[in-house]
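Heads up: the structure comes next, in structure tokens.
Labels below follow one simple rule: chain letters A, B, ... track the order of the sequence lines, proteins then strands, and each chain is numbered from 1.
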2 protein chains.
Amino acid sequence: MGYVSTIGSIDRVLAGLDSAEGIDDLQALSERIRDEYGITNVVYHWVNSNGDQYGCGTYSEAWVLRYLERKYVRIDPVILGCYQRFHPVEWKRLDWSSRAARGFLADAIEHGVGNQGYSIPIRGPNGQFALFTCNDSCDDATWADFIERNRRDMILLAHDFNRKALDLEPDRTPDRAVTLSPREVDALTLLAVGYSRAQVASTLSISEHTLRVYIESARHKLGAVNTTHAVARALQRGAIVV
Amino acid sequence: MGYVSTIGSIDRVLAGLDSAEGIDDLQALSERIRDEYGITNVVYHWVNSNGDQYGCGTYSEAWVLRYLERKYVRIDPVILGCYQRFHPVEWKRLDWSSRAARGFLADAIEHGVGNQGYSIPIRGPNGQFALFTCNDSCDDATWADFIERNRRDMILLAHDFNRKALDLEPDRTPDRAVTLSPREVDALTLLAVGYSRAQVASTLSISEHTLRVYIESARHKLGAVNTTHAVARALQRGAIVV
DNA sequence: TTGTCCTTCCCCAGATCAGGGGAAGGCGCG
DNA sequence: CGCGCCTTCCCCTGATCTGGGGAAGGACAA
């Protein structure tokens with residue numbers, strides 16, 4: 001990481017964001033951010049609830065293809081870690097202990113991804129999830145210093161980058177909000193914590209037949225094909241909280 | 001809204017956040033933010049889907065009690081609007097057309113809530129939801145100018161306020177990750193998108209018996225009592241991404 | 001007032017899942 | 001070179017879920 005003055009960078013970049021008119025501009029902008037801040041990579045990565053991915057950034061094409069091809073999204077500790085966290089996180093603090101994760105890391109570094117990174121999770125109303133990541137190759141102290149100085153900028157960039165990305169791709173918000181009835185929420189919530197149908201029915205003091213009506217109705221609303229699917233979608237969309 | 005210089009405010013406030021050690025400090029800090037920025041109210045409000053609420057801020061005690069007592073969370077257009085939005089929003093742009101909303105607004109203003117507001121939605125891994133709000137009584141142009149100048153500060157404050165609030169209330173954060181094997185991840189992931197066991201087995205090109213071993217093993221790791229439970233916990237912990 | 005949605009109840013048959021066994025080869029870590 | 005973990009295969013039975021039906025009262029909104 002070469003030393004680069006970042007004074008005013010955020011203003012220049014946000015001005016660029018304001019005038020962006022297409023995904024290509026965002027792509028160019030990620031490169032711009034990378035250069036303004038003197039780091040190796042800047043990436044905006046959208047992870048869709050059906051496994052679709054999309055994004056832009058400075059990773060090499062080879063790495064992006066490999067990532068998709070190997071379905072790394074399933075084991076990438078950055079994704080997994082951010083997915084269960086509220087706050088931005090430094091990569092070093094993620095869990096790299098599994099074999100799959102270590103293999104992934106080696107592969108990533110081989111493809112030009114830096115060993116240091118900082119990723120900001122961004123969430124939408126119905127479980128939509130995206131990541132804004134910056135990364136670099138340097139030692140821990142240098143990176144900690146960089147983050148210390150630029151954390152705020154990165155958070156603001158993540159916000160505005162995401163907003164612009166959504167403006168440009170309005171169909172990225174396909175999961176319409178589903179309103180489950182209170183009983184449907186009860187039913188799915190109890191199922192999600194492991195109750196069997198019989199247990200749920202007795203907990204809610206209704207017959208199992210009635211319970212099934214709720215589950216079916218919730219299933220239809222959620223576009224789910226079975227109970228497990230319905231619970232999964234309800235959780236993803238925040239329709240139930242366990 | 002009296003004119004107040006906000007230069008350096010963010011630094012002073014964030015320093016205060018760093019040293020906060022309890023919910024009382026956050027309460028004091030919300031007052032501090034209010035004064036630094038010269039507005040009427042600053043509020044951090046955690047909303048649980050089961051109706052639980054929690055937060056701190058400068059609203060009068062009378063208003064908070066009334067809000068809870070009347071279960072305003074169900075009709076508050078700020079909550080409703082932010083719940084389905086990605087980005088911070090000015091109150092004027094929300095939907096105040098329903099009668100309930102207008103009644104609510106009148107009641108709010110009567111209790112010292114400003115007519116102008118800016119609320120930032122904050123989301124967690126499993127639909128957790130909180131709001132960081134600043135509001136004031138002034139005309140549209142004055143408020144637009146205030147937001148224009150302080151939008152970035154508010155976003156950063158929302159982030160850090162939320163982080164601190166979660167630090168101080170660790171039970172609101174999710175459980176630690178479990179490391180599932182790649183096959184277990186495959187199995188649960190496909191189950192989560194609605195596949196039956198037979199479909200999963202054939203998709204993974206393994207026998208259904210083998211598949212069951214993975215599901216069982218994942219269940220044990222996750223401390224789940226059945227498949228649906230296992231999928232739910234895996235999702236919550238970010239062990240799988242669907 | 002009419003319609004839509006929520007809540008509750010009931011029947012049944014076939015498909016699916018859960019739970020308990022046991023056994024094999026492969027891989028990496030100490 | 002074990003030991004542990006991952007992967008793969010097989011047996012079985014009983015419990016559970018899924019897929020269609022139909023029916024009724026109450027709440028709330030247009």
Side-chain angles (χ1 to χ4, degrees), chain A residues 74-75 96-106 177-232 239-240, chain B residues 71 74-75 95 97-103 178-233 239-240:
Chain A
R74 302 227 185 287
I75 56 161
W96 296 92
S97 61
S98 84
R99 195 185 308 173
R102 284 197 307 273
F104 165 76
L105 180 61
V178 185
T179 43
L180 298 180
S181 77
R183 277 318 218 187
E184 287 160 357
V185 171
D186 292 342
L188 291 190
T189 303
L190 292 171
L191 289 171
V193 297
Y195 284 34
S196 71
R197 292 206 311 201
Q199 287 175 307
V200 174
S202 97
T203 303
L204 298 179
S205 305
I206 56 178
S207 81
E208 204 174 323
H209 312 281
T210 303
L211 173 67
R212 270 181 41 211
V213 177
Y214 298 140
I215 301 174
E216 294 272 295
S217 137
R219 276 220 334 262
H220 288 132
K221 286 185 184 176
L222 293 159
V225 299
N226 58 36
T227 303
T228 299
H229 194 193
V231 169
I240 63 174
Chain B
K71 300 203 192 325
R74 298 207 189 283
I75 56 159
D95 177 17
S97 61
S98 84
R99 203 168 70 183
R102 285 196 306 272
V178 195
T179 44
L180 298 178
S181 78
R183 277 320 218 186
E184 287 161 356
V185 172
D186 291 342
L188 292 190
T189 303
L190 292 172
L191 289 171
V193 297
Y195 285 35
S196 70
R197 294 207 308 201
Q199 288 176 307
V200 174
S202 96
T203 303
L204 298 179
S205 306
I206 56 177
S207 81
E208 205 174 322
H209 311 280
T210 303
L211 172 67
R212 270 182 40 213
V213 177
Y214 297 141
I215 300 174
E216 293 272 296
S217 143
R219 276 222 333 263
H220 289 130
K221 285 185 184 175
L222 293 160
V225 300
N226 59 36
T227 304
T228 299
H229 194 193
V231 168
R233 298 193 86 152
I240 62 173

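- Remark: A:R212 CZ to A:I206 CD1 distance equals 12.0 Å, nearest 0.5 Å.
- For A:A187 against A:L211, the heavy-atom pair with the smallest separation is CB-CD1, 3.6 Å.
- In this structure, B:S217 OG and B:H220 NE2 are separated by 8.5 Å, a value rounded to the nearest 0.5 Å.
- Nucleic acid contact class of B:S207 (heavy atoms, under 4.0 Å, all strands): sugar-phosphate only.
- Side-chain N/O atoms of A:S181 include none lying less than 4.0 angstrom from OP1 or OP2 on C:dC5.
- Note: CG (B:L180) to P (D:dT7) measures 11 Å, nearest angstrom.
- When heavy atoms are screened at a 4.0 angstrom cut-off, A:T210 is found touching base atoms of the nucleic acid.
- Once rounded to the nearest 0.5 Å, the distance linking OH of B:Y214 with CG of B:L180 reads 13.0 Å.
- The phosphate of D:dC5 has neither OP1 nor OP2 within less than 4.0 Å of any side-chain N or O from B:K221.
- The interatomic distance linking B:Y214 (OH) with D:dC6 (C1') rounds to 7 Å, in whole Å.
- Toward the 5′ end of DNA chain D lies the nearest nucleotide of B:S217, the other residue of the pair B:S217 and B:I206 mapping further downstream.
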Sugar-phosphate means primed atoms, P, OP1 and OP2; the rest is base. With that split, encode nucleotides 12-30 of chain C 5' to 3' as B, S or - using protein heavy atoms under 4.0 Å.
B----BBBB--------S-
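- Distance check, rounded to the nearest 0.5 Å: CG of B:D186 to CZ of B:R183 gives 5.5 Å.
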Taking only distance into account, with no hydrogens and no angle test, what donor-acceptor pairs under 3.5 Å do side-chain atoms of residues 222-231 of chain B form with protein atoms, sequence neighbours excluded?
unit_1	atom_1	unit_2	atom_2	d
B:N226	OD1	B:T228	N	3.3
B:N226	OD1	B:H229	N	2.8
B:N226	ND2	A:G194	O	3.0
B:T228	OG1	A:T228	OG1	2.8
B:H229	ND1	B:V225	N	3.1
B:H229	NE2	A:V193	O	3.4

